[in-house]
Amino acid sequence: MKYGLIGEKLGHSYSKEIHERLADYTYELCPLTREEFTPFMEKKDFCAINVTIPYKCDVIPYLAEMNEAARAIGAVNTIVNREGRLYGYNTDMPGFVYMAKKNNIDMKGKKVVVLGNGGASQAVKAAIRSMDAAELIVVGHRVMKEGVITYEECFAKHSDADIVVNTSPVGMYPNVDASPVDLTHFPKCQAVLDIIANPLTTKLTAQARELGMTGVTGLEMLVAQAKYAVEIFLDTTIDEEKIDSICQELREKF
């Protein structure tokens with residue numbers, strides 16, 4: 001494999017089609033079990049890869065270097081192999097910023113609740129901070145990490161949230177009937193961003209729209225982060241308008 005995506009379950013992924021529209025190479029989906037992950041990373045038999053759930057943090061020990069953004073975030077979704085040395089980057093953060101701005105969602109001065117605290121959430125939290133949110137609340141089922149609260153505590157103390165962001169996999173294909181939260185707990189919420197790209201409308205964003213909120217799923221983030229990754233892979237520049245055209249193609253197809 002020269003270019004591709006590693007993760008645990010990739011049957012839902014649009015990444016092959018996106019990358020092959022962005023660049024002139026074959027992009028492979030490479031699902032890896034926990035047992036397969038270590039020998040794959042040790043072998044380094046690739047030119048450049050993207051990384052998704054659950055390996056965005058697990059890849060870090062195999063890297064020779066990380067850029068400043070990836071180091072600050074603590075998660076990597078883009079790796080380039082340069083003469084046997086692996087270099088890590090994070091394009092999820094600018095991808096999320098692109099998605100928010102494209103949909104006119106302004107975080108400045110807002111209370112933002114983030115659902116989930118896995119590898120995917122690290123870049124989203126960094127992006128939200130960069131957009132000058134007034135308050136960032138992180139919610140998880142496992143609260144061993146400092147700064148993470150339970151859903152029960154969130155509903156009791158933070159029902160006044162302005163924006164809700166889902167970074168958990170709840171609602172992702174094939175479990176499309178699941179939702180991480182009932183949005184009636186957040187009566188003042190104005191916008192909901194779900195970083196899941198498949199399905200194109202999740203149960204969470206469908207409820208958001210029913211309640212009169214802006215509801216955005218992660219297709220634009222997915223395509224934007226792929227564009228930024230390709231630019232790193234090939235040391236090139238791609239027109240940002242390409243993001244819109246690929247998103248439109250995928251919406252029509254799926």
Side-chain angles (χ1 to χ4, degrees), residues 1-99 116-127 130 167 169 172 195-197 218 221-238 242-243 246:
M1 180 173 76
K2 292 185 71 175
Y3 301 96
L5 172 68
I6 66 167
E8 199 165 46
K9 298 175 183 177
L10 303 179
H12 63 282
S13 178
Y14 300 139
S15 292
K16 178 176 174 65
E17 294 187 56
I18 293 168
H19 274 260
E20 291 179 359
R21 281 169 167 79
L22 287 166
D24 185 22
Y25 55 57
T26 299
Y27 188 87
E28 299 180 41
L29 302 182
C30 182
L32 298 174
T33 64
R34 288 283 180 182
E35 293 72 26
E36 293 167 332
F37 170 75
T38 297
F40 176 89
M41 292 303 299
E42 290 175 344
K43 193 174 181 182
K44 305 178 187 177
D45 189 18
F46 55 83
C47 293
I49 57 171
N50 291 118
V51 184
T52 190
I53 296 170
Y55 301 128
K56 292 185 181 187
C57 299
D58 295 352
V59 296
I60 291 174
Y62 299 94
L63 304 177
E65 290 184 33
M66 287 192 288
N67 76 334
E68 187 176 337
R71 195 179 304 111
I73 293 163
V76 166
N77 79 318
T78 300
I79 299 175
V80 178
N81 185 346
R82 299 191 180 107
E83 298 179 350
R85 289 170 61 83
L86 303 184
Y87 295 80
Y89 305 84
N90 193 301
T91 64
D92 284 332
M93 179 181 170
F96 181 84
V97 171
Y98 175 90
M99 177 174 70
N117 196 45
S121 77
Q122 308 311 313
V124 170
K125 290 186 293 184
S130 78
T167 70
M172 182 185 292
I195 69 169
I196 291 171
M221 176 180 172
L222 178 67
V223 178
Q225 67 80 20
K227 179 192 99 83
Y228 304 140
V230 172
E231 291 176 331
I232 294 169
F233 285 3
L234 303 180
D235 191 22
T236 190
T237 302
I238 299 170
K242 192 75 173 172
I243 299 172
I246 293 174

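Predicted model only: the values in this text are computed from it and were never measured. Throughout, residue positions are numbered sequentially from 1 according to the sequence presented.
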Taking all heavy atoms of [X] and all of [Y], pick out the closest pair and write down the distance.
X    : Y    : result
L234 : A23  : CD1-CB, 3.9 Å
T52  : G7   : CG2-CA, 3.8 Å
G118 : S121 : O-OG, 2.8 Å
I73  : A123 : CG2-N, 3.4 Å
G88  : L63  : CA-CD1, 3.9 Å
Y55  : E8   : CE1-N, 3.9 Å

Between [X] (side chain) and [Y] (backbone), is there a donor-acceptor pair under 3.5 Å?
X    : Y    : answer
Q225 : L222 : yes
D92  : A120 : no
E36  : T33  : yes
K56  : A75  : no
K227 : I238 : yes
N77  : N50  : no

Q. Should the heavy atoms of other residues, nucleotides or ligands under 6.0 Å from CD of E42 be counted, would the total exceed 12?
A.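 Count over threshold, so yes.
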Q: Step through the shown structure and confirm whether more than 12 heavy atoms of other residues, nucleotides or ligands are within 6.0 Å of NZ on K9.
A: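 No.
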**Q.** Residue that, paired with F46, satisfies ring pair (Phe, Tyr, Trp, His ring centres under 6.0 Å) out of F233, Y3, F40
**A.**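 Checked F233, Y3, F40 against F46; only one passes ring pair (Phe, Tyr, Trp, His ring centres under 6.0 Å): F40.
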What is the distance from atom [atom1] of [X] to atom [atom2] of [Y], rounded to the nearest 0.5 Å?
X    : Y    : atom1 : atom2 : result
R82  : K44  : CZ    : NZ    : 13.5 Å
Y62  : M41  : OH    : CE    : 7.0 Å
K2   : D45  : NZ    : CG    : 11.5 Å
L29  : H12  : CG    : NE2   : 9.0 Å
T237 : D235 : OG1   : CG    : 8.0 Å
L22  : K242 : CG    : NZ    : 6.5 Å

Quick check: do [X] and [Y] have side-chain heavy atoms less than 4.5 Å from each other?
X    : Y    : answer
Y25  : V230 : yes
Y89  : V80  : yes
M1   : T26  : no
V223 : Y14  : no

Q) Does the side chain of N117 pick up a donor-acceptor pair with the side chain of K125 at under 3.5 Å? A)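 N117 vs K125: donor-acceptor pair found between side chains.
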